[in-house]
Protein chains: 2
Amino acid sequence: MNRDAYAHVARIGKAISSGNRLELLELLAQAEQSVDSLSRLSGMGVTTVSAHLQVLKGAGLVRTRRDGTRIHYRLAGPEVAGLFVAMKNMAARVLPGLSAIDGEKDSGSGRDDSVPLIRTIEEIREAYMLDVRPAHEYQAGHYPGAASIPLDGLASRIGEVPRDRRVIVYCRGEFCLLARDAARLMRGQGIDAYAMDEGVLEWRASGDVDLTATA
Amino acid sequence: MNRDAYAHVARIGKAISSGNRLELLELLAQAEQSVDSLSRLSGMGVTTVSAHLQVLKGAGLVRTRRDGTRIHYRLAGPEVAGLFVAMKNMAARVLPGLSAIDGEKDSGSGRDDSVPLIRTIEEIREAYMLDVRPAHEYQAGHYPGAASIPLDGLASRIGEVPRDRRVIVYCRGEFCLLARDAARLMRGQGIDAYAMDEGVLEWRASGDVDLTATA
DNA sequence: CCAGTATTCCAATGAATATTGGAATACTAT
DNA sequence: ATAGTATTCCAATATTCATTGGAATACTGG
């Protein structure tokens, strides 16, 4: 028969059947990244990351570019982000009780209830959009008009955030906690801050938002 | 962190990371099926099928219905077929050289070159649409107006096929070989037969075709 | 060429998975 | 109740996979 056909498609499935690899894909959806940059961002060992990247590459989901001594990985295309989101949606639809994000929002330690989530893009008008991802990721593509203050430096740069407007913070995507942490920090300082429930991963997947890059 | 979020989505990935499970999903996209029906159709052992179904159920991709002594499995929803197709497309886009279907069509033994494939739904008008899947699957949903002659009985019922019209055969989906085998058989008898390159799986996934069911 | 850095390859270990046969369970029909 | 059928559970085996440390490779800058 054509047994191979299924096995062949299953390779894509295998590539996305590991939580660690999904985390790497989410990072790659932000910007191209070198192996050790991914290692630092994810906390996995370098050789572990390399091994996972080989699997992703073998399945055709990522491409590489050599720049001197280091190798930069990137998504093979926006459809890969699309597949991630499709799986995320499927998980939410089909295992609602266990929804990872709900778990994070509701059950968890409960402290996240203090950060209201913005769910529609309409609410963005007139608000101050703030990107709290690392500068490198901001440069590779960000929401049009958004400002950049990486979470690292937010405490010391808090003065740059306007106090007379609503502030909406976003980060890598629904699973990323940077925006929520940032919003919590700002609320503690009396700023009217909200965390966006989606981020660059979802925008890249949908293609609806044109993510401006900086030179 | 929210490590669990990724692990949780990865469960969906794991469920579709096995060729055998994909084959089962394709069968379930046709109609609900009992465990041993799936075992017979797929050639896997009953306990093996049962184990795979448990995995699919654990990931929330299939549901069960008890009917007396036997248990019928079905897809949790059309989105599951959608995910299958999304992965199939990703595989075709991203690993073009290895495309399972291309492999089947072109390289293989080459004999399949004898069966022209219909690729657009436009060509269906005025043709005689023939469904060669098992009767049970036809009853659960088929292309509007299509006739049913399961491949098993096609040789003996060949007289029912009109000789003055173009005949278009379809089956379960792109990976299913029933339609191509049927078309080859009919061409051998001088019938102007073509195999459809998509089938019920894709139609169910897209939702564009309304698959009529018989009482 | 040499030292230094980034990445991959290799080997080894432990964990998870697939498959199978046999026992256990759940239901039907007599 | 009893026999019969369909399915799942359990245990065992072989296979595959994830992770890690150390060696090998590929490149850069003196």
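Just so you know, these numbers come straight off a predicted model, no measurement behind them.
Contact check for V200(A) versus R172(A): no side-chain heavy atoms found under the 4.5 Å cut-off.
With rounding to whole Å, R70(B) atom CZ is found 8 Å from dT5(D) atom C1'. Atom CG of L53(B) is separated from atom P of dT7(D) by 10 Å (rounded to the nearest Å). R66(B) places its CZ atom 14 Å from the P atom of dT25(C), with the value rounded to the nearest Å. At whole-Å resolution of the value, CD1 in I16(A) and P in dA18(D) are 13 Å apart. Distance, D36(B) CG to dT8(D) P: 11 Å, rounded to whole Å. The interatomic distance linking K14(A) (NZ) with dT16(D) (P) rounds to 10 Å, in whole Å. Computed from coordinates, the I71(B) CD1 to dT25(C) P distance equals 15 Å when rounded to whole Å. Atoms CD (Q54(B)) and P (dT25(C)) sit 16 Å apart, rounded to a whole Å.
Put simply, the side chain of E202(B) gets close to the backbone of E174(B): a donor and an acceptor are under 3.5 Å apart. A side-chain donor-acceptor contact under 3.5 Å links S17(A) to the backbone of K14(A). Q30(A) contributes a side-chain N or O that, together with a main-chain N or O of E26(A), makes up a donor-acceptor pair within less than 3.5 Å. In terms of modelled atom types and a separation under 3.5 Å, the side chain of R11(B) and the main chain of G60(B) share no donor-acceptor contact. Formation of a donor-acceptor pair under 3.5 Å by the Q33(B) side chain with backbone atoms of L38(B) is not found in this model.
Checking dT8(D), dT5(D), dA18(C) against the side-chain heavy atoms of T69(B) singles out dT5(D) as nearest.
A close approach under 4.0 Å does occur between a side-chain nitrogen or oxygen of H52(B) and OP1 or OP2 of dT19(C). Between Y73(B) and dT8(D) there is a side-chain polar atom (N or O) within less than 4.0 angstrom of OP1 or OP2.
Direction change of the helix axis from one end of the helix from dC1(C)-dG30(D) to dT30(C)-dA1(D) to the other is 30°, with five pairs defining each end axis (rounded to 10°).
Residue R157(A) comes nearest to P150(A) through the heavy atom pair NH1-CD, 3.9 Å, listed as atom of the first residue, atom of the second, then distance.
Contacts between residues 20-30 of chain A and DNA chain C, defined by a heavy-atom separation below 4.0 Å, involve no residue at all. Near DNA chain D, meaning a heavy atom under 4.0 Å from it, residues 41-50 of chain A has T47(A), T48(A) in order of number.
Residues passing the salt bridge (Lys or Arg N to Asp or Glu O under 4.0 Å) test with R21(A): none are found, sequence neighbours excluded.
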Anything under 3.5 Å between a donor and an acceptor, one on a side chain of residues 69-86 of chain B, the other on a protein residue two or more places apart or in another chain? List them.
{"unit_1": "Y73(B)", "atom_1": "OH", "unit_2": "Q54(B)", "atom_2": "NE2", "d": "3.2"}

Cut-off 3.5 Å, no hydrogens considered: what does the side-chain donor-acceptor table look like for residues 205-213 of chain A, sequence neighbours left out?
{"unit_1": "S206(A)", "atom_1": "OG", "unit_2": "W203(A)", "atom_2": "O", "d": "3.3"}
{"unit_1": "S206(A)", "atom_1": "OG", "unit_2": "D208(A)", "atom_2": "N", "d": "3.1"}
{"unit_1": "T212(A)", "atom_1": "OG1", "unit_2": "H142(A)", "atom_2": "O", "d": "3.2"}

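Nearest-nucleotide positions on DNA chain D place V55(A) closer to the 5' end than the other of V55(A) and G68(A).
Of the candidates V132(A), I149(A), D131(A), D131(A) is the only one forming a side-chain contact (heavy atoms from CB on, under 4.5 Å) with Y138(A).
Relative to the six-membered ring of Y170(B), R133(B) misses at least one condition, a distance below 6.0 Å or an angle of at most 45° to the axis.
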